[in-house]
Amino acid sequence: LWAMHKYFEIYDKELKPLIIETAPQSLEGKHGLNTHTSAVVVRGIDYAIHLGRDPLPVVFACAFHDIARTHDGLDMEHGQNAVPMAMKIMNNFPGKFDTPTRLSILSAIANHTSGQIATDYISACLWDADRTRLSWSHGFQEKYFNTPRGKYAAKHPKAYLEFQHEAFPLFAWSKQY
């Protein structure tokens with residue numbers, strides 16, 4: 001849990017203020033920065049740790065995935081529209097990622113609404129973390145998941161929500177974001 005908190009703090013203290021300054025994304029609601037995006041970041045970190053991979057690129061991808069959203073309705077273009085904003089914010093972190101990792105983060109963001117088979121662990125963790133909530137409300141479909149932990153969370157909402165609550169007790173997990 002220590003690692004999850006360490007990486008979430010990077011999102012909360014370093015990325016979220018820059019997103020608030022740059023992006024139209026709301027803070028609350030179905031796709032809000034303090035609600036849905038925070039939950040996606042938590043799950044993304046968890047899924048990356050369970051894969052034995054570096055959670056930091058996943059934190060960035062999860063943090064940026066909905067920054068272009070201007071409403072909670074269907075918006076298949078918000079992933080692609082988020083890429084320029086993500087690039088602008090990532091420029092505040094020179095040297096944080098090598099070029100292939102940076103491109104993987106951007107690709108994960110651009111394709112998170114339409115991709116099915118992830119090409120790398122960053123996409124796999126973001127897509128699964130974002131789709132977990134959808135599976136809870138619309139039914140689990142394994143073909144949309146790429147990580148073992150994501151599949152578990154999507155299939156077992158009660159158990160996974162209990163885990164999230166234990167890991168981050170101050171977060172409003174009573175609502176499914």
Side-chain angles (χ1 to χ4, degrees), residues 1-72 75-115 118-133 146-147 149-150 164 167-168 170-172 177:
L1 290 181
W2 174 85
M4 287 185 69
H5 285 268
K6 174 183 125 180
Y7 286 103
F8 187 81
E9 189 170 310
I10 292 168
Y11 161 71
D12 199 44
K13 304 282 190 248
E14 296 181 37
L15 294 175
K16 190 162 66 170
L18 294 172
I19 294 169
I20 291 169
E21 189 179 290
T22 305
Q25 183 182 9
S26 67
L27 293 178
E28 305 301 326
K30 188 175 175 184
H31 291 99
L33 197 58
N34 291 330
T35 53
H36 171 66
T37 299
S38 293
V40 170
V41 170
V42 166
R43 291 191 293 264
I45 293 166
D46 181 35
Y47 300 173
I49 289 170
H50 274 83
L51 289 174
R53 303 299 302 262
D54 181 4
L56 190 59
V58 175
V59 168
F60 275 69
C62 291
F64 300 147
H65 84 282
D66 277 350
I67 61 175
R69 277 195 167 275
T70 57
H71 58 81
D72 280 333
D75 178 1
M76 294 303 288
E77 303 299 318
H78 75 273
Q80 300 238 349
N81 293 338
V83 170
M85 287 181 253
M87 289 172 59
K88 180 179 177 184
I89 295 170
M90 287 176 68
N91 287 337
N92 289 290
F93 301 92
K96 181 74 88 178
F97 302 111
D98 60 22
T99 300
T101 303
R102 186 179 167 102
L103 291 174
S104 290
I105 292 167
L106 297 173
S107 176
I109 296 163
N111 297 306
H112 83 275
T113 58
S114 59
T119 56
D120 58 43
Y121 88 96
I122 298 167
S123 289
C125 291
L126 165 59
W127 298 358
D128 285 11
D130 191 35
R131 293 172 181 170
T132 297
R133 177 192 62 177
N146 295 275
T147 68
R149 184 69 168 169
Q164 287 180 150
F168 290 85
L170 299 179
F171 197 82
Y177 297 111

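What's counted below: heavy atoms across the whole structure, side chains too, no hydrogens, waters or symmetry copies.
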Spell out, as yes or no, whether a donor-acceptor pair under 3.5 Å connects the side chain of Thr35 to the backbone of Gly29. yes

Checking the side chain of His5 only, and the main-chain atoms of Phe168 only, is there a donor and an acceptor separated by less than 3.5 Å? no

When every non-hydrogen atom of Ala63 is compared with those of Leu15, the smallest separation belongs to CB-CD1, 3.8 Å

Within 6.0 angstrom of Lys30 NZ, more than 12 heavy atoms from elsewhere: no

Checking side-chain contact (heavy atoms from CB on, under 4.5 Å) against Cys62, which of Val42, Val40, Ile105 comes through? Val40

Could you report the tightest heavy-atom contact between Ala129 and Gly44, atom names first, then the distance? CB-N, 3.5 Å

Verify, without hydrogens or angle tests, whether Ser107 (side chain) and Leu103 (backbone) share a donor-acceptor contact under 3.5 angstrom. no

Got Pro24 and Met85 here, is their nearest side-chain heavy-atom distance under 4.5 Å? yes

Is a donor on one side and an acceptor on the other found under 3.5 Å between the side chain of Tyr7 and the backbone of Val41? no

With a 4.5 Å limit on heavy-atom distance, are the side chains of Ile122 and Thr101 in contact? yes

Side chain proximity check, Ser104 to Phe97, heavy atoms < 4.5 angstrom: no

Point-to-point distance, once rounded to the nearest 0.5 Å, from OH of Tyr177 to CZ of Phe171: 7.5 Å

Quick check: do Arg149 and Arg43 have side-chain heavy atoms less than 4.5 Å from each other? no

Roughly how far, to the nearest 0.5 Å, is the CD1 atom of Ile10 from the NZ atom of Lys96? 6.0 Å

Mark yes or no for whether His50, through its side chain, and Asp46, through its backbone, hold a donor-acceptor pair below 3.5 Å. yes

For Asp128, check salt bridge (Lys or Arg N to Asp or Glu O under 4.0 Å) against everything at least two apart and list the hits. none

Atom CZ of Arg69 and atom OG of Ser26: how far apart are they, to the nearest 0.5 Å? 9.5 Å

Are the side chain of Asn81 and the backbone N or O of Glu77 linked by a donor-acceptor pair below 3.5 Å? yes

For His112, the option from Gln80, His78, His65 that meets side-chain hydrogen bond (donor to acceptor under 3.5 Å, both in side chains): His78

Asn111 side-chain N/O to Ser114 backbone N/O, donor-acceptor pair under 3.5 Å: no

Keeping the roles fixed (side chain from Ser38, backbone from Leu33), state whether a donor-acceptor pair exists under 3.5 Å. yes

In Å and rounded to the nearest 0.5 Å, what is the CZ to CG distance from Phe64 to Leu126? 11.5 Å

Might you point out which heavy atoms bring Ala110 and Val83 nearest each other, and give the distance in Å? CB-CG2, 3.6 Å

Atom of Val58, atom of Ile45 and distance for their closest heavy-atom approach: CG1-N, 4.3 Å

For the OG1 atom of Thr147 and the CH2 atom of Trp127, what is their distance to the nearest 0.5 Å? 12.0 Å

Could you state the interatomic distance from CG (Asp130) to CG (Asp66), rounded to the nearest 0.5 Å? 6.0 Å

How close do Ile89 and Phe93 get, counting heavy atoms only, and between which atoms? O-CD1, 3.6 Å

Between His31 and Thr37, which heavy-atom pair has the shortest distance, and what is it? O-OG1, 4.3 Å

